[in-house]
Amino acid sequence: IHPDHIDVLDIDFKIGDLIYWAVYEQDEGFGVTQIVKHGAIIDIKKKTFGFDSREVYYAIVLPFGNSQTVELALHLLRKTN
């Protein structure tokens, strides 16, 4: 999506922003641990889903310490202060 800045539903992200998000992992004892991950937005894309053509915005994120990108919905992300 270009321009490289988007403001949708009070979500204000741009390419290059430093962000964080949470993931949850379950252990053998069925306990759940929250892990906070950090990275940088390298692209923002829009996908259309369903018969009603609902639009969802995603960030392509490069997690710190990793060479593989991940695709995350913008509403899951928070800016690093």
Side-chain angles (χ1 to χ4, degrees):
I1 289 179
H2 296 285
D4 61 358
H5 181 271
I6 189 164
D7 185 5
V8 178
L9 301 175
D10 294 329
I11 299 174
D12 185 22
F13 290 105
K14 64 183 181 297
I15 293 171
D17 280 348
L18 302 180
I19 48 94
Y20 67 95
W21 66 99
V23 295
Y24 299 90
E25 293 185 358
Q26 187 174 17
D27 61 26
E28 299 85 24
F30 300 104
V32 177
T33 303
Q34 179 186 42
I35 300 170
V36 176
K37 303 223 175 197
H38 295 82
I41 295 176
I42 61 170
D43 200 4
I44 298 173
K45 299 187 180 272
K46 176 176 66 172
K47 290 186 178 182
T48 304
F49 290 96
F51 64 91
D52 59 349
S53 299
R54 181 175 58 96
E55 294 178 341
V56 178
Y57 289 87
Y58 286 87
I60 306 301
V61 175
L62 182 60
F64 295 154
N66 201 329
S67 60
Q68 289 279 77
T69 60
V70 294
E71 190 174 271
L72 299 165
L74 287 183
H75 71 275
L76 298 175
L77 306 178
R78 301 291 178 260
K79 283 188 180 183
T80 302
N81 292 334

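Worth saying up front: this structure is predicted, and the values here are computed from it rather than measured. Atom set for the values below is all heavy atoms of this structure, side chains included, hydrogens, waters and symmetry mates excluded.
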Do [X] and [Y] share a hydrophobic cluster (ILVMFWY, side-chain heavy atoms under 4.5 Å, transitive)?
X	Y	answer
Val61	Tyr57	yes
Ile41	Trp21	yes
Tyr58	Leu77	no

* Asked: Under 3.5 Å, side chain of Arg54 to main-chain N/O of Phe51, donor-acceptor pair present?
  -> no

Any idea which heavy atoms bring [X] and [Y] closest together, and the distance?
X	Y	result
His38	Tyr20	CD2-CB, 3.5 Å
Lys79	Ile19	CA-CG2, 4.2 Å
Lys37	Val23	CE-CG2, 3.7 Å

* **Test side-chain contact (heavy atoms from CB on, under 4.5 Å) applied to Thr48 - qualifying residues, sequence neighbours left out** => Ser53, Glu55

* Residues in side-chain contact (heavy atoms from CB on, under 4.5 Å) contact with Leu76, at least two apart in sequence or another chain -> Ala73

* Structure fact -> From the list Val70, Leu74, Thr69, side chain to side chain contact (heavy atoms under 4.5 Å, CB included) partner of Leu72 resolves to Val70

Kindly list each side-chain donor-acceptor pair under 3.5 angstrom involving residues 27-36, sequence neighbours excluded, with atom names and distances?
{"from": "Asp27", "atom 1": "OD1", "to": "Gly29", "atom 2": "N", "distance (Å)": "3.0"}
{"from": "Asp27", "atom 1": "OD1", "to": "Phe30", "atom 2": "N", "distance (Å)": "3.1"}
{"from": "Asp27", "atom 1": "OD1", "to": "Gly31", "atom 2": "N", "distance (Å)": "2.7"}
{"from": "Gln34", "atom 1": "NE2", "to": "Tyr24", "atom 2": "OH", "distance (Å)": "3.0"}

* Asked: How many angstroms lie between atom CZ of Phe13 and atom NE2 of His75, to the nearest 0.5 angstrom?
  -> 10.5 Å

